Amino acid sequence: MDQSNLRIRLNALISDFGTTQTYICKETGIAPSELCRFRRKTVILTPAQAQRLDHFLIERGYSSGAKALAAIVQGSFDN
C-alpha cells in the first residue's frame, strides 16, 4: 500500500473536517504517538495499521484517487 497516498488522504480529512487524531486513533486502533509520527513522516505504519486507516478513510469518502490528487495539487499536504 502506498503510504504517501495514505498520509495525504489522512491530512486532507483532518484539514477538511477538523477531525482529531484522537478520534481517528480510537476508530482505527492506532496509537496516538504512532499516528503522529506517521503524519510527520518519521515512521511507516504496519500493513495491518495501514489497512485499518485506509478502510477508515474510504468510509469517509477519502478513497485513494480524487482526494489525494486534489490535495497534491493544492500543495498543502505533502510537507
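Values in this document were obtained by computation on a predicted structure and should not be read as measured data. These values consider heavy atoms only, across backbone and side chains, with no hydrogens, waters or symmetry-generated copies. All residue numbers refer to positions in the sequence shown, counting from 1.
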### Query
Looking just at side-chain N and O atoms, do R9 and N5 make a donor-acceptor pair shorter than 3.5 Å?
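Distance-only check passes for R9 and N5.
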
### Message
Between I58 and L53, is there shared hydrophobic-cluster membership here, with clusters defined by ILVMFWY side-chain heavy atoms closer than 4.5 Å?
### Response
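In one cluster with I58: L53, no.
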
### Task
Would you name the heavy atoms of D16 and Y62 that are closest together and state the gap between them?
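The pair with the smallest heavy-atom distance is OD2-OH, 2.6 Å.
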
### Query
Looking only at heavy atoms, what is the nearest atom pair of P32 and C25, with distance?
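Result for this residue pair: CA-SG, 3.4 Å.
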
### Query
Mind checking what makes side chain to side chain contact (heavy atoms under 4.5 Å, CB included) contact with I14, not counting sequence neighbours?
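Partners of I14 under the side chain to side chain contact (heavy atoms under 4.5 Å, CB included) test: L10, Q21, I24, R39.
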
Show me the donor-acceptor pairs, under 3.5 Å and distance only, between side chains in residues 45-52 and residues at least two apart or in other chains.
from	atom 1	to	atom 2	distance (Å)
T46	OG1	Q49	N	3.1
T46	OG1	Q49	OE1	3.3
Q49	OE1	T46	N	2.9
R52	NE	T28	O	2.5

Look up atom [atom1] in [X] and atom [atom2] in [Y], then write down how far apart they are to the nearest 0.5 Å.
| X | Y | atom1 | atom2 | result |
| --- | --- | --- | --- | --- |
| F38 | L6 | CZ | CG | 4.5 Å |
| T19 | F56 | OG1 | CZ | 6.0 Å |
| I8 | L13 | CD1 | CG | 14.0 Å |

### Message
Going by salt bridge (Lys or Arg N to Asp or Glu O under 4.0 Å), name the pairs with one or both residues in residues 25-37, residues two or more places apart or in two chains.
### Response
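Every salt bridge (Lys or Arg N to Asp or Glu O under 4.0 Å) pair that includes a residue of residues 25-37, provided the two are not neighbours, is E34-R37.
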
